[in-house]
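Have a look at the structure below, then the notes.
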Amino acid sequence: MRKLAAGNWKMNGTSADLAEASALKAAHPAPGVDILLCPPATLLSRLSDSVGATIATGGQDCHAAASGAHTGDISAPMLADAGASHVILGHSERRTDHAETDADVHAKTQAALAAGLTALVCVGETQAQREAGKTLDVVGRQLAGSVPDSATAATLVIAYEPVWAIGSGRVPTLEQIAEVHDFIRGELTARFGADARAMRLLYGGSVKPANAAEIFAISNVDGALVGGASLKARDFSAIVTALENAAPD
Ligand code: PEP
């Protein structure tokens, strides 16, 4: 499977930041891994046009309906029309800020697949859940509730993002990451059989150029979902290079 370096710009970026995507493309004209940038929706179309086939683009959320009276929302077909091939769903900031449930994420993931998008579904425990020894329960429940049966290795990517590691500079130990990624692979295999071996599992949460290589050396880590360090081409490029240099699983 090709590994994946995905950048989530969140609510950051205006026209001037399109130059960062162009610089990333210039640094990786023929990348050895898949690169995905998920800018704010306002930049999606222009960024997709400018980075072309070298870098895939994605939305950061979509509505479960294809169209309708939902002021401010964006549907999966609209993302596809703007050039997106992927969409991030169930990010912990959506789950927290917008009270999204696993059922919501499930419905949005179905909508994404119906629109021909690959869904990048996020799961992960809070600090309190980890301290209570509930990490695998929480992740297992989120996976079961958020991922529809129709998902395949071509249309589903899972990002394990401990909520407490996002934007905090705190990273789980390599053993903790390995434990959860092995667990996710097992859960997906129990549900999807052999196809699960090709489903990409990303780690997300304070991935930086300085820690990327050691994270990418963990088995069942097939790439990263990167927030803050994806905003600047120089940082994200270093992470892409670390992923290109990682030994195959
Ligand atoms: C994220 O929000 O998906 C994320 C991983 O953010 P950061 O890399 O900034 O921790």
Side-chain angles (χ1 to χ4, degrees), residues 4-25 34-101 103-124 146 148 155-159 161 163 166-167 202 204 207 223-233 235-236 240:
L4 174 62
N8 173 14
W9 283 10
K10 311 192 186 191
M11 198 174 70
N12 297 294
T14 55
S15 304
D17 298 290
L18 293 170
E20 296 297 331
S22 299
L24 184 67
K25 179 181 171 178
D34 289 343
I35 305 176
L36 168 68
L37 283 179
C38 299
T42 48
L43 294 181
L44 186 52
S45 184
R46 277 182 291 164
L47 197 145
S48 300
D49 287 347
S50 71
V51 296
T54 314
I55 298 177
T57 60
Q60 299 176 9
D61 176 50
C62 71
H63 197 278
S67 63
H70 303 289
T71 302
D73 280 313
I74 299 174
S75 74
M78 290 171 177
L79 294 175
D81 181 57
S85 53
H86 291 66
V87 59
I88 298 170
L89 294 170
H91 190 281
S92 64
E93 287 153 13
R94 300 284 319 172
R95 291 179 185 265
T96 303
D97 296 354
H98 300 271
E100 285 189 7
T101 64
D104 294 328
V105 179
H106 187 279
K108 290 176 179 216
T109 303
Q110 282 184 310
L113 303 192
L117 298 175
T118 294
L120 205 162
V121 174
C122 302
V123 296
S146 304
T155 60
L156 177 74
V157 176
I158 299 293
E161 300 206 304
V163 178
I166 294 177
L202 311 186
V207 176
L225 178 56
V226 182
S230 72
L231 294 172
K232 292 291 168 209
D235 291 341
F236 198 40
V240 169

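Between L117 and A76, the shortest heavy-atom distance links the atoms CD1-O, 3.7 Å. The minimum heavy-atom distance between G124 and V163, with the atom names listed, is O-CG2, 3.8 Å. A pairwise comparison of heavy atoms in P77 and A115 identifies N-CB, 3.8 Å as the closest pair. A65 and H70 make their closest contact through CB-NE2, 4.2 Å (heavy atoms, listed as atom of the first residue, atom of the second, distance). Looking at every heavy atom in both residues, S230 comes nearest to G7 through CB-CA, 3.5 Å. Of all non-hydrogen atoms in T118 and V157, the two that sit nearest each other are CG2-CG2, 4.0 Å.
A donor-acceptor pair is defined here as one N or O able to donate and one able to accept, closer than 3.5 Å; no such pair exists between the side chain of T96 and the backbone of E93. With hydrogens and angles ignored, the 3.5 Å screen pairs no side-chain donor or acceptor of E100 with any backbone N or O of V105. Under a 3.5 Å cut-off, the side chain of D104 and the backbone N or O of T101 do form a donor-acceptor pair. Between the T57 side chain and the G83 main chain, a donor and an acceptor come within less than 3.5 Å of each other.
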Steps toward side-chain contact (heavy atoms from CB on, under 4.5 Å) verdict (L36, L120): CA-CA 11 Å; L36 168 68; L120 205 162; 3.7 Å; yes
Check against side-chain contact (heavy atoms from CB on, under 4.5 Å), K108 and R94: CA-CA 12 Å; K108 290 176 179 216; R94 300 284 319 172; 4.1 Å; yes
Show your working on side-chain contact (heavy atoms from CB on, under 4.5 Å) between D17 and L231 and close with a plain yes or no. CA-CA 8 Å; D17 298 290; L231 294 172; over 6 Å; no
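The side-chain heavy atoms of C122 and I88, taken from C-beta on, include a pair separated by under 4.5 Å. Within the 4.5 Å cutoff, the side chain of T54 has no heavy atoms near those of the V51 side chain. Between V226 and D235 there is no side-chain heavy-atom pair separated by less than 4.5 Å. R95 has its side chain within reach of S146: a pair of non-hydrogen atoms, C-beta onward, lies under 4.5 Å apart. Residues D34 and H86 fail the side-chain proximity criterion, which asks for heavy atoms closer than 4.5 Å. In this structure the side chain of C62 reaches within 4.5 angstrom of the side chain of L89, judged on heavy atoms. Counting only heavy atoms from C-beta outward, the side chains of S15 and R46 approach each other to under 4.5 Å. Residues L37 and E20 are not in side-chain contact: their nearest non-hydrogen atoms beyond the backbone lie 4.5 Å or more apart.
Between the CG atom of L225 and the CG atom of L202 there is a distance of 6.5 Å, given to the nearest 0.5 Å. The structure places CG of N8 at 9.0 Å from CD1 of I166, a figure rounded to the nearest 0.5 Å. Rounded to the nearest 0.5 Å, atoms CG (L79) and CD (Q60) are 10.0 Å apart. Atoms OG and CD1, on S50 and I55 in that order, are 8.0 Å from each other to the nearest 0.5 Å.
Of the candidates P40, P39, S45, T42 forms a side chain to side chain contact (heavy atoms under 4.5 Å, CB included) with just one, namely P40.
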